[in-house]
Engineer: 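Just passing along the structure, written as structure tokens.
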Amino acid sequence: MSATAPFTPEALAFLRELKRNNRREWFEQRRDRYDALLRQPMIAVIERLADEFRAFAPDLMADPRRSLYRI
């Protein structure tokens with residue numbers, strides 16, 4: 001597994017902004033940032049876990065459609 005973190009400092013800044021502006025209107029105006037900074041990297045993590053699980057725990061399933069929860 002790569003040592004590179006999939007989440008950037010910008011992703012953490014987005015989460016801090018979301019904490020301060022926890023309103024649907026605010027989020028909808030910034031959904032594209034959420035998708036790019038958080039959702040897509042999390043999907044990549046889940047997909048990588050699915051590959052890793054097959055090697056040592058084939059009965060576990062990691063699937064972005066079932067493993068990723070929405071904000």
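Being a predicted model, the structure only gives us computed values, none of them experimental. Numbers here are sequence positions counted from 1.
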Engineer: What are the two closest heavy atoms between Pro41 and Pro6, and how far apart are they?
Structural biologist: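 Closest approach of Pro41 to Pro6, heavy atoms only: CB-O, 3.5 Å.
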
Engineer: After noting the C-alpha distance and the side-chain angles of Phe7 and Leu12, does the key distance pass the side chain to side chain contact (heavy atoms under 4.5 Å, CB included) rule?
Structural biologist: CA-CA 8 Å; Phe7 299 101; Leu12 297 176; 5.6 Å; no

Engineer: Considering residues at least two apart in sequence or located in another chain, which fulfil the side-chain contact (heavy atoms from CB on, under 4.5 Å) criterion with Gln29?
Structural biologist: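 Expected list: none.
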
Engineer: Under 4.0 Å between a side-chain nitrogen and a carboxylate oxygen: does that hold for Glu17 and Arg20?
Structural biologist: no

Engineer: Check the pair Gln40, Ile43 against side chain to side chain contact (heavy atoms under 4.5 Å, CB included), reporting the backbone distance first and the verdict last.
Structural biologist: CA-CA 5 Å; Gln40 292 305 316; Ile43 288 171; 4.1 Å; yes

Engineer: To the nearest 0.5 Å, tell me how far Glu10 CD sits from Leu38 CG.
Structural biologist: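 Interatomic distance, Glu10 CD to Leu38 CG, rounded to 0.5 Å: 11.0 Å.
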
Engineer: How long is the span from the CZ atom in Arg39 to the CZ atom in Arg31, to the nearest 0.5 Å?
Structural biologist: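 Reported to 0.5 Å precision, the distance equals 9.0 Å.
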
Engineer: Going by the rule side-chain contact (heavy atoms from CB on, under 4.5 Å), which residues pair with Glu25 if we only count those two or more places apart in sequence or in a different chain?
Structural biologist: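 Here the qualifying residues are Arg23.
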
Engineer: Check for me whether the distance between the ring centres of Trp26 and Tyr34 falls short of 6.0 Å.
Structural biologist: no

Engineer: What residues form a salt bridge (Lys or Arg N to Asp or Glu O under 4.0 Å) with Asp32, not counting sequence neighbours?
Structural biologist: none

Engineer: Check Leu18, Asn22, Asn21 against Phe27 for a side-chain contact (heavy atoms from CB on, under 4.5 Å) and give me the one that passes.
Structural biologist: Leu18

Engineer: Identify the heavy atoms of Leu37 and Ala11 that sit nearest to each other, and give their distance.
Structural biologist: O-CB, 3.5 Å

